[in-house]
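What follows is a single structure, written as structure tokens, with notes after it.
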Amino acid sequence: MNIAKVIVDIPVSSINQTFDYLIPEKFQDILSIGMRVIVPFGPRKIMGFVVDRTSESAFDKLKEISDVLDLTPALTTELLDLGRWVANETVSFYITALQAMLPQVLKAKYKKELVRMTDSELPPYLEELFSGRDVIAYEEFEGSVISYYQLQKAVQDGDISIDYLVKSKITKKHVTMIAPSRDLHLLEEALQDLSKNAKKQKQLLQYFLENSEPIEKKLLLERLQTTNQTVKILIDKALLKSYQVEVYRNPYDDDAFQRTTELELTDEQEIAIKPIKENIANNRHDVFLLHGVTGSGKTEIYLQAIQDVITKGEEAIVLVPEISLTPQMVNRFKGRFGSKVAVMHSALSAGEKFDEWRRIQRKEVQVVVGARSAIYAPFENIGIIIIDEEHETTYKQEDQPRYHARDVAIYRGKTHECPVILGSATPTLESYARAQKGVYKLATLSKRTNEKAMPEVEIVDMRDELHAGNRTMFSRELKDKIEHCIQKGEQIVLLLNRRGYSTFVMCRDCGHVKECPHCDIALTYHKNSNQLKCHYCSYEEPMPMNCPECTSDLIRYFGTGTQRVEEALTKLIPEASVIRMDVDTTRRKGSHEKLLNQFAEKQADILLGTQMIAKGLDFGNVTLVGVLTADSMLHLPDFRSSEKTFQLLTQVSGRAGRHELPGEVIVQTYTPDHYSIELASKYNFNDFYKKEMTTRKTFQYPPYVFLALLTISHQNKVKAVQTAQKIVQLLMKNIQNDTVVLGPTPSPILRVKDRYRYQCMIKYKNEPQLRSYINKILDLFAEESRKEDLLITVDMQPYHFM
DNA sequence: AGCACGCCGACT
DNA sequence: GTCGGCGTGCTC
């Protein structure tokens with residue numbers, strides 16, 4: 001078994017295979033499957049994953065593995081298999097699927113260096129470049145006047161060599177510890193000998209005589225109100241010693257969470273949890289769809305099921321949409337399970353993520369609560385997987401590998417023979433349909449645990465407002481209610497469903513709209529920087545003073561961004577204090593929590609924000625929720641737009657009147673008769689489901705069919721269309737007769753980053769060979785893709801069609 | 001991906 | 001003769 005099969009860190013179709021390497025004698029005993037290694041690849045060195053060990057290879061001249069990067073495998077064999085499945089399922093490269101499972105810091109960084117190999121005189125230009133050093137960064141050469149040809153010659157002569165390095169990004173955090181370095185009686189002697197002036201030294205020695213345990217230096221200095229200087233004197237006297245220990249960056253202070261105990265379950269909850277507990281007890285795998293209205297106590301079910309799993313000595317994965325949005329969620333898990341919980345989400349620094357990952361890998365925790373990628377937590381005895389807010393689209397990764405965490409969860413649930421729980425107040429039609437068919441087990445929680453009714457929802461027809469001469473974006477109704485609320489000292493949440501709208505810039509004279517020069521999309525105005533930005537590429541330009549077309553100075557920004565709404569709101573109701581939450585005000589780390597805390601401490605009357613405020617917030621003093629434009633995403637080119645509208649309205653309505661005070665919801669819309677708005681206002685999921693299912697059936701959309709989306713992009717529009725056409729024809733030849741291939745159609749935003757995009761949609765019911773057809777097509781166009789910069793991307797079960 | 005190799009054409 | 005610019009093929 002002296003040969004390793006390695007998957008190499010290059011995401012290209014021609015390299016999407018294993019490469020064989022000899023295992024040098026010194027690594028024979030330590031190298032195991034799942035470890036990261038450095039291997040020579042052509043002239044360079046790159047990182048790879050060992051996926052197998054064998055004793056034979058079809059190749060005769062094998063190179064040796066240069067180095068091993070891990071002491072314990074970064075990936076378990078289960079995760080290696082899972083990666084293969086994900087890669088196949090999503091039509092991605094194996095290496096891409098594997099990389100997605102690991103924290104960023106485990107990815108390799110590559111560096112080139114020039115090394116001087118001779119002591120004899122080099123040509124003067126090279127002497128100048130090295131200027132006395134033996135090794136320099138390759139970039140220094142690139143920035144110099146020396147030609148590549150000149151370098152090449154020096155390399156050929158053996159005077160200089162180019163070194164290819166693989167650098168690890170891992171950084172471990174260390175703290176300095178201070179401890180007594182001698183017997184305590186020696187410290188006591190020293191204490192006697194100290195001069196009277198040495199008060200601080202005395203204090204320090206006394207401290208260690210009372211507490212002989214090592215202590216973190218920072219803490220010691222703080223506690224004794226002294227400085228590094230004093231400590232250093234005692235270290236120099238060899239009475240104390242200092243040393244470094246590695247610590248985990250724990251982003252959460254486990255002691256700060258108030259411990260909770262199990263709550264008594266309602267009858268409904270008891271009925272729901274029973275089959276889940278049976279699953280756990282019998283090592284069975286079922287998928288449960290937990291359909292429970294907001295406040296019906298889904299989380300308590302999760303917690304008690306997890307408790308069973310922990311008691312059994314197994315582990316739990318809990319996915320939540322984007323955890324930084326719900327600190328309350330972290331509180332609940334940390335409150336129940338304390339330091340047994342690791343938290344994984346995007347707001348953590350790379351180092352913090354790595355440390356949390358290692359705590360999981362070393363089995364120092366039994367529960368992980370995290371966003372999408374936490375589904376790859378390196379546990380080995382998973383006893384339950386929970387996906388909260390199952391309908392959230394953030395569970396679908398939007399770059400490769402384009403996996404859906406729900407699918408991965410179910411696959412892992414099968415391998416670990418454990419239950420998977422999908423929880424939501426507004427399940428996706430896909431999941432609910434499966435529950436109806438009995439593929440998933442349905443559990444319904446129809447009552448709130450506090451027996452409170454859901455808040456009353458009132459729909460306001462904005463057309464009537466317009467006819468009555470109200471041209472603001474606040475109906476008279478909403479204005480009155482807001483004022484009333486403020487008078488009573490209660491709080492308000494206002495949701496601006498901004499998607500589809502943004503603050504674009506238009507000339508009032510000639511109607512010219514500023515667009516991105518690289519994309520077919522209007523630029524967005526950002527007030528704080530006074531810049532115009534493109535949301536698709538990173539293009540930016542200052543806000544012009546005059547129209548570039550007609551030079552008129554009547555160029556203004558339009559649209560209903562949160563900034564505009566805030567301005568209008570404070571003009572309309574001057575006494576209102578507003579906290580605005582959107583991408584601009586929450587970009588900085590921790591600013592999200594800060595704003596929410598301010599609102600919780602009643603520093604403002606109104607919380608105004610986009611989608612991000614619809615989820616999981618729980619403020620007792622909020623009695624009014626206003627949705628400013630309920631229909632803004634109803635008209636997007638997306639077959640899920642009704643479903644998304646229904647989900648959003650239901651979620652946001654649940655933010656009002658969560659505790660003692662009763663709540664109210666006002667929904668402003670131009671299409672009050674639309675079923676998703678009407679049925680959301682009545683919390684009628686079942687009718688919405690039925691209605692929406694008929695639409696999906698008529699137009700043949702999921703869950704009646706599966707979808708695959710191929711996007712073809714090229715700088716040349718004609719080239720993109722023609723290739724798309726060819727691909728459609730090729731697909732048509734291979735598919736079964738109830739499969740439909742649509743297109744090519746221009747992507748909703750035709751041009752992005754100077755590339756034209758055409759797409760082709762496949763709707764299929766049963767097409768077991770589809771992935772292999774697609775792969776064949778990709779192979780067929782592989783040459784062209786490389787030579788002519790043609791790009792074909794595949795998205796199985798897409799969520800975004802842009 | 002990214003590197004070497006080879007062919008070509010420009011410039012000295 | 002010297003040098004840079006692509007197109008092409010290959011990586012265990």
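Every chain is numbered from 1, with letters handed out A, B, ... down the list of sequences. Values below: all heavy atoms of this structure, side chains included; hydrogens, waters and symmetry mates excluded.
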task = Could you tell me whether A:Tyr110 contacts a base, only the sugar-phosphate backbone, or nothing, with contacts defined as non-hydrogen atoms closer than 4.0 Å?
result =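 The answer is nothing, as A:Tyr110 stays clear of every strand by at least 4.0 Å.
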query = If you look at every strand shown and take non-hydrogen atoms under 4.0 Å, does A:Lys112 touch a base, only sugar-phosphate, or nothing?
reply =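 The answer is sugar-phosphate, as A:Lys112 gets under 4.0 Å only of primed atoms, P, OP1 or OP2.
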message = Side chains of A:Thr96 and A:Gln400 only: does a donor on one sit below 3.5 Å from an acceptor on the other?
response = no
Residues A:Glu788 and A:Asn716: side-chain donor-acceptor under 3.5 angstrom =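 Side chains of A:Glu788 and A:Asn716: no pair found under 3.5 Å.
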request  = Just say parallel, tilted or perpendicular for the rings of A:Tyr403 and A:Tyr376, cut-offs at 30° and 60°.
outcome  = perpendicular
For residues [X] and [Y], report the shortest heavy-atom separation together with the two atoms involved.
{"X": "A:Tyr110", "Y": "A:Ile46", "value": "CE2-CA, 3.5 Å"}
{"X": "A:Arg402", "Y": "A:Val794", "value": "CD-O, 3.4 Å"}
{"X": "A:Met344", "Y": "A:Ala374", "value": "CB-CB, 4.3 Å"}

task = Answer yes or no: is there a side-chain heavy-atom contact under 4.5 Å between A:Arg406 and A:Glu392?
result =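 Of all side-chain heavy-atom pairs linking A:Glu392 with A:Arg406, none is under 4.5 Å.
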task = Respond yes when some side-chain nitrogen or oxygen of A:Tyr148 is under 4.0 Å from OP1 or OP2 of B:dA4, and no when none is.
result = yes
B/S/- contact track for nucleotides 7-12 of chain C, protein heavy atom under 4.0 Å = -SBBBB
remark   = Quick tally for nucleotides 5-12 of chain B: nucleotides whose base has a protein heavy atom under 4.0 Å get B, sugar-phosphate-only ones S, the rest -, giving --------
What's the [atom1]-[atom2] distance between [X] and [N], to the nearest Å?
{"X": "A:Gln150", "N": "C:dG1", "atom1": "CD", "atom2": "P", "value": "18 Å"}
{"X": "A:Tyr125", "N": "C:dC3", "atom1": "OH", "atom2": "C1'", "value": "12 Å"}
{"X": "A:Ile46", "N": "B:dA1", "atom1": "CD1", "atom2": "P", "value": "13 Å"}

task = Output yes when A:Glu430 and A:Arg640 qualify as a salt bridge under the 4.0 Å nitrogen-oxygen rule, no when they do not.
result =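 A:Arg640 and A:Glu430: salt-bridged.
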